[in-house]
Amino acid sequence: MTAAQILTLTIDGKHVSGLAHETLLQVALENDIAIPTLCCLEGLSNQGSCRLCMVEIAGTTKPQPACVTLIQEGMVVITQSENLRTYRRTIIELLFSERNHICAVCVANEHCELQTLARDLGVDHISFPGRYPALPVDASHDRFVLDHNRCILCTRCVRVCAEIEGAHTWDIQGRGIRSLITADFNSPWGQSTTCTSCGKCVQVCPTGALFEKGRSVAEMLKKRPSLPYLVSNRTREQQ
Amino acid sequence: MEQQITIEPVTRIEGHAKISLFLNDSGQVADARFQVTQIRGFEKFVEGRPFFEMPSLTARTCGICPVSHELASAKACDQLLAVTIPETAKNLRRLLNWGQLIQSHALSFFYLSAPDLLLGMDHPPETRHFLGIAAQDPQFARDGIRLRQFGQQVIERLAGRRIHPSWVVPGGVNTPLSEETRTDLLNDIPEVKNLALSHLQRFKQSLEQYQEYIEHFACFPSLYLALTNDANTLEHYDGRLRIIDQQGTLLKDSSSPTEYASWIGEAIEPWSYLKFPYYVPHGYPDGMYRVGPLARLNIAARCGTELADRELDAFRALQAGPIQSSFHYHYARLIEILYAVEMIENLLSDPAITDQRVRATAGVNNTEAVGMMEAPRGTLIHHYKVSNDGLIQWANLIIATGHNNLAMHRGILQAAQRYLGHGELHEGLLNRIEAVIRAFDPCLACSTHAVGHMPLDVQLIGPDGTRLKHIRR
Ligand code: SF4
């Protein structure tokens, strides 16, 4: 096994170092530099879809997603700029305008990552017209509910189910703005033959899209499982 | 020539409305319309939502009495779960409701109607509002603010916030009452009880000077509808629906919650978004009935608390049989404030109120349910049908103000005929007509126009649509 190569770089003017296989986001976090994220969750594969962690890298013209960009020797990175702020706020506004987010009556109110990010980024109104799509709620499962109205398609549920639980119940159906989370081959969740009812998807969902049945407004406080711990335990047991 | 007078918007009520008065050829007021010009659409957009959201979702119907909607909704949801909620939860909900009743009644009396009563109907509109009262009788204003504040504190201390708390949940409430809150609220009781009593005395002493309004502010016989309990005492939270006639004779006691639909009809008129409920056996519009504080005091045999019962005796002495004048909604409101303070004291004095068991949990065990309770303005009905998964398929909400719609029309017509004899328009006369509506304390939407300059546009329109007269404030 070769020794891990250590690289040095600059993030927001701070000299930092990391291992060659680490991403910009990982190294930033290790050095207490906060970069907003939404689709990323420790222990799951990264797919860089929410685009909130975009950063500026000297020498490139386009911002790059920190969660899927590996560090390089001598990189000069900026995580906070007016441009990036505008960019991130626009993403949040677009997420809000895409579906029906009525925080005041949402189960996840006050415990929602989208809402927290909006607050942190100062998004107090949406400058895009809302689409207000008519989307169903799937309450067919005994214990859980899927509300498409609050879903931001981060796919954490898809990944946790496939990568950690190994059930691969969830997937994405449709394309673009018509994409929807779907169980098995588009069956009601309650009729899914693959779902083990473990509830991991519910707990990793950043918003009020997946929640426990019987929760009232603002009552869905997610208990994030420690995914790396689960993975390491499971791997050890297999060995 | 026929003429039409329009008062738009009607001010110092909660919501938006306009009044149209139709004059006949001889210039007499022949008809009156009270038009509610907003549509909210709650019954439609709740479709498809999980019923657990309903208490909070329907609370958004109103910024003044969200608690009433939460409670009516939660009561319906309890039935969807098919649970009996813990006694403490029930009592906590009652406390919340009385807090709401106090704050809402105090708003109606001290803020919205007192300018007419204390300053006079003909007082210049520029200062005929709560700030005008504060200038003329600061102590009165302070007392009104304090009473309202107490009601809001009850809500805030129990539920975490004053407006739109999400504390009431299907099956009970989501946190028990702390000992500290119990003591703090109890400490405030002597002061607010005194305030409630002294303003009731003051109002009673001034009744003589309002004789004219008592006789002409929606003063007519009608049916009355309210919740009642087995002890036949004043009931705001539980019990069954009762309707009595103009003599006070029992017409109907509901035997099941869904039964209301067979004897309360809802007529629709193309010119208003507010429906016209009526008592079906008497037909439309003869089945006119009234709800709210006046109806509740007309229906209950006793209040059930010492001071309020004494006041109820004096109230009853005003007239044999049910009290007919809607002006006495004000009087009834003050008695109810006193009653609510006494009841809050009673419930808080029992240490069982801090019991930790405050919520029953279950899945969907019924697919149809009706929740009823007495909102400050009258009986509030939430009726839901859900899918087996608990998603709302159909909802019907009958709001207190709706029940009074027919009676408000009748009242406006009565006042208009009295005060707008020959199409003469002047501000004070129009204000009297608005004051009739304020006596009912209608809550037309979810906004309050308590203070300030509201434009009032009054038009006199001929049959060909031309504007004959126009005054504006
Ligand atoms: S999911 Fe989050 S952002 Fe969306 S409505 Fe719920 S609380 Fe608000």
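In what follows, every chain begins at residue 1, and chains take the letters A, B, ... in the order their sequences are listed.
Counting non-hydrogen atoms of neighbouring residues, nucleotides and ligands closer than 6.0 angstrom, the CZ atom of A:Arg143 exceeds 12 such neighbours. More than 12 heavy atoms of other residues, nucleotides or ligands shown are found within 6.0 angstrom of CD on B:Gln393. No more than 12 heavy atoms of other residues, nucleotides or ligands shown are found within 6.0 angstrom of OH on A:Tyr132. Heavy-atom contacts from other residues, nucleotides or ligands closer than 6.0 Å to CZ of A:Arg175 number 12 or fewer. Counting heavy-atom neighbours within 6.0 Å of A:Asn186 CG, excluding the residue itself, gives a total above 12.
Of all heavy-atom pairs spanning B:Pro50 and A:Phe211, the tightest one is CG-CZ, 4.2 Å. When all heavy atoms of B:Val169 and A:Glu219 are compared, the closest pair comes out as CG1-OE2, 3.7 Å. Minimum interatomic distance between B:Asp389 and A:Ser140 (heavy atoms only, all atoms of both residues): OD2-CA, 3.6 Å. Considering every non-hydrogen atom in both A:Gly214 and B:Arg359, the closest pair reads O-NH2, 3.4 Å.
Contacts of A:Ala134 with chain B are absent, with no heavy-atom separation under 4.5 Å from either backbone or side chain. For B:Leu57, the parts lying under 4.5 angstrom from a heavy atom of chain A are both the backbone and the side chain. A:Asn149 touches chain B through its side chain: at least one heavy atom from C-beta onward sits under 4.5 Å away, while N, CA, C and O do not.
A 4.5 Å side-chain heavy-atom check between A:Asp147 and B:Arg49 finds at least one atom pair inside the cut-off.
The side chain to side chain contact (heavy atoms under 4.5 Å, CB included) test with B:Ser56 is passed by exactly one of A:Asn109, A:Val107, A:Val217, A:Ile102: A:Val217.
To the nearest 0.5 Å, the span separating OG on A:Ser216 from CZ on B:Phe51 amounts to 8.5 Å.
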